[in-house]
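Structure first, commentary second.
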Amino acid sequence: MNKHQIAQALDVMAAILEINGENPFKVRAYQNAARIVEGLNGDIASLIATGELREVKGIGAQLAKHIQELCESGSFEEYETLRTSLPVGLLDLLKIPGLGAKKVRVLWKKLDITTIEALKQACIDGHVAALERFGERTQQKILQGIESVKKYEGRYLFPKVEAQALRLRDALKSHSDVIRCEIAGSLRRRMEIVKDIDLVASTKHPATVADFFASLPEADALVGKGDTKVTITTATGVNADLRIVTDEQFPYALHHFTGSKEHNVAMRSRAKEHDLKMNEYGLFRGSDEINIPCKDEAEIFKVLGLDFIPPELRQDMGEIEAAENHALPKLVEEIDLQGTLHMHSTYSDGRGTIEEMALAAAALGWSYIGITDHSKSAGYAGGMQLTTIARQHAEIDELNRKLKGMRIFKGVEVDILADGSLDYDDDTLRLFDFVIASIHSQFTMPEAEMTARICKALRHPLVDILAHPTGRLLLSREPYAVNLPTVIEAAAKHRVAIEINGHPQRLDLDWRLGRLAKEKGVKTVLTSDAHSPDQLMNVRYSLNIARKGWWEKSDVLNCLSADDLSAYFAKRRL
DNA sequence: GCCGTTTTCGGCCCGACTGTTTTCAGTCG
């Protein structure tokens with residue numbers, strides 16, 4: 001089993017234990033382990049072999065043993081026993097909002113319900129409402145929950161939700177009773193996929209603000225409303241939570257609702273070590289709970305002896321330790337970007353001419369672009385034949401003479417063929433200023449074969465950048481099987497940069513691999529993979545992921561000036 | 001199941017909201 005599969009098994013294990021009414025801390029230990037395994041750098045098998053896995057905080061003797069067995073044989077005894085004791089489909093019930101382990105167990109034991117379909121029928125027949133501690137309202141809520149699970153699956157790409165969240169935030173900010181209002185939650189942490197919108201507002205008139213939020217035209221339905229929390233379903237189907245606090249409480253609430261949950265748990269443990277209690281309303285000392293006043297998040301961190309941790313890094317993946325040691329990275333910023341590479345024009349499957357792409361980039365304040373149309377085998381995308389390349393380069397030369405303050409690099413996105421060779425011969429590749437290599441066919445190879453295929457391409461002396469290294473399309477296509485640590489190792493050895501593709505469905509390289517790549521000395525490029533001028537903005541999403549991956553300005557090729565980048569490419573050809 | 005400079009047992013983050021029941025369990029983040 002690979003890391004992802006092991007993490008999934010541990011999560012399933014946690015769910016089973018929960019339904020069986022096990023010790024909640026044991027459940028958490030498994031959930032925690034799943035998250036840790038998912039975020040491990042390096043090859044899991046070798047981490048087990050060297051005993052390093054056992055050294056990781058949160059992985060004790062028992063879990064290390066289970067993980068080893070999962071890795072080697074795909075299962076472990078306790079897991080098999082428990083899993084087979086539970087009906088298939090029961091765990092799906094946990095996906096329904098409002099249903100947790102306890103209720104699922106009751107439904108199973110009392111009504112023998114083991115699938116979502118059966119649950120739906122039981123609700124319609126009124127059996128669920130008859131159960132102790134369930135009632136009519138719960139039954140209705142379950143039915144609604146089933147519909148929403150089916151309709152939306154409850155996960156959304158970042159851009160779709162971000163736009164909605166900004167509208168809600170701006171509406172709240174425009175209200176005269178709102179003092180401060182910010183987007184919190186996974187959106188603020190710039191996660192690639194988000195489940196809902198979290199907003200925090202401060203005011204002296206909570207009831208007024210709550211009513212205002214619930215009555216916004218964006219609010220399709222009111223899910224819940226209390227003194228300090230309002231939940232609406234927006235027209236796009238995304239739920240939005242508003243938390244209302246006093247202005248004194250705002251920094252603590254903003255931090256709390258920004259999360260991540262794991263970061264918060266770690267922060268509160270740290271507060272406890274300092275004899276403090278931390279919650280969304282403050283940071284309290286002593287038995288009489290005297291609040292330590294903080295005017296913003298930075299002061300909260302300071303009280304706990306930490307540097308300010310940017311929201312993107314709040315994943316409990318080493319940021320607290322780094323903040324303590326003043327070792328946080330100075331994250332790359334939008335203003336650092338001088339240009340971008342990887343985009344398509346009408347010479348392959350892009351909808352904009354090269355000039356239109358260049359002018360759009362100039363409007364964004366950039367001083368260069370790299371045009372990278374597809375290579376000849378990419379028939380699906382109008383890949384360039386040799387005669388086309390000559391025409392394209394003549395046009396770029398002409399534009400470079402004509403356009404002031406904008407340089408166009410001649411690039412190509414060359415297909416990595418099934419055997420790891422490239423789709424143009426070396427003489428053709430040398431016609432370009434730089435070469436991006438990527439996979440667009442034959443996705444279903446075994447992992448070892450795919451990894452070897454990509455590593456062979458990385459060894460090619462004319463390859464400068466590897467694009468979308470896993471080929472994933474978020475919420476629609478799984479990544480192809482590839483051993484990324486091995487690919488990163490090879491990229492480091494051959495000094496090939498790895499792109500962070502800013503297409504909202506790709507965001508590939510994943511931020512979870514960022515630190516590993518960076519530590520190995522691999523550079524990255526923040527790209528849009530734009531197929532039209534307006535898509536150049538996608539670089540913003542690439543930047544989000546770069547920041548989440550701890551990348552700094554000096555790690556990012558398109559933070560170089562046009563001249564320095566030109567020199568960088570030229571030097572690689574020597 | 002994990003962890004530990006008050007250490008090998010006894011903790012493990014904390015609070016709001018909902019629905020049900022009438023004092024609180026369950027869920028969620």
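Proteins get letters first, then strands, A, B, ... in listed order; numbering begins at 1 in each.
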Which part of the nucleic acid, if any, lies within contact of [X], taking any heavy atom under 4.0 Å across all strands shown: a base, the sugar-phosphate backbone alone, or nothing?
| X | value |
| --- | --- |
| A:A61 | sugar-phosphate |
| A:E78 | sugar-phosphate |
| A:D227 | sugar-phosphate |
| A:E22 | nothing |
| A:M278 | sugar-phosphate |
| A:V106 | nothing |

What's the [atom1]-[atom2] distance between [X] and [N], to the nearest Å?
| X | N | atom1 | atom2 | result |
| --- | --- | --- | --- | --- |
| A:I36 | B:dG1 | CD1 | P | 15 Å |
| A:K65 | B:dC2 | NZ | C1' | 16 Å |
| A:N32 | B:dC2 | CG | C1' | 9 Å |
| A:L222 | B:dT18 | CG | C1' | 13 Å |
| A:K57 | B:dC2 | NZ | C1' | 9 Å |
| A:I232 | B:dC17 | CD1 | P | 16 Å |
| A:I59 | B:dC3 | CD1 | C1' | 13 Å |
| A:L283 | B:dC14 | CG | C1' | 13 Å |

[N] and [M]: how far apart are their [atom1] atoms, nearest whole angstrom?
| N | M | atom1 | value |
| --- | --- | --- | --- |
| B:dA16 | B:dG11 | P | 24 Å |
| B:dA25 | B:dT21 | C1' | 11 Å |
| B:dT23 | B:dC17 | C1' | 16 Å |
| B:dG1 | B:dT8 | C1' | 15 Å |
| B:dT6 | B:dC2 | P | 23 Å |
| B:dC12 | B:dT5 | P | 16 Å |

Exercise for the section: Report the base-pairing partner of B:dT8 (Watson-Crick or G-U wobble, both distances below 3.5 angstrom), or none. Expected result: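 Matched B:dT8 with nothing under the 3.5 Å cut-off.
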What protein N or O atoms touch nucleotides 26-29 of chain B N or O atoms at under 3.5 angstrom, if any, and at what distances?
residue : atom : partner : partner atom : Å
B:dT27  : OP1  : A:G100  : N            : 2.8
B:dT27  : OP1  : A:G100  : O            : 3.0
B:dT27  : OP1  : A:K103  : N            : 2.8
B:dT27  : OP2  : A:K102  : N            : 3.3
B:dT27  : O5'  : A:G100  : N            : 3.4
B:dC28  : OP1  : A:G98   : N            : 2.6

Handout entry: Heavy atoms from other residues, nucleotides or ligands near CD of A:E132 exceed 12 (cutoff 6.0 Å)
Key = no
Exercise for the section: Taking atom CZ of A:R285 as the centre, report whether more than 12 heavy atoms of other residues, nucleotides or ligands fall under 6.0 Å from it. Expected result: no
Problem - Along DNA chain B (nearest heavy atom to each residue), the more 5'-positioned of A:L63 and A:K272 - result: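 Of the two residues, A:L63 wins.
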Practice task
Would you kindly compare A:K225 and A:V265 by the position of their nearest DNA chain B nucleotide and give the one closer to the 5′ end?
Solution key: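 Whichever sits nearer the 5' end wins; that is A:V265.
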Exercise for the section: May I ask you to evaluate whether A:T228 reaches the phosphate of B:dC17, defined as a side-chain N or O under 4.0 Å from OP1 or OP2? Expected result: yes
Problem - Below 4.0 Å: OP1/OP2 of B:dA16 and any side-chain N or O of A:Y281 - result: yes
Note: [X]-[Y] ion pair, threshold 4.0 Å (strictly below):
| X | Y | value |
| --- | --- | --- |
| A:R270 | A:E324 | yes |
| A:D247 | A:R180 | yes |
| A:K518 | A:D555 | yes |
| A:K102 | A:E18 | no |
| A:D92 | A:K95 | yes |
| A:E289 | A:K277 | yes |

The side chain of [X] is closest to which nucleotide in this list: [options]?
| X | options | result |
| --- | --- | --- |
| A:K277 | B:dC3, B:dG15, B:dG1 | B:dG15 |
| A:K26 | B:dG1, B:dC12, B:dG19 | B:dG1 |
| A:R28 | B:dC12, B:dT18, B:dG1 | B:dC12 |

Handout entry: Cation-pi, A:F25 ring and A:R28 (6.0 angstrom, 45 degrees)
Key =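 Ring-cation test returns no.
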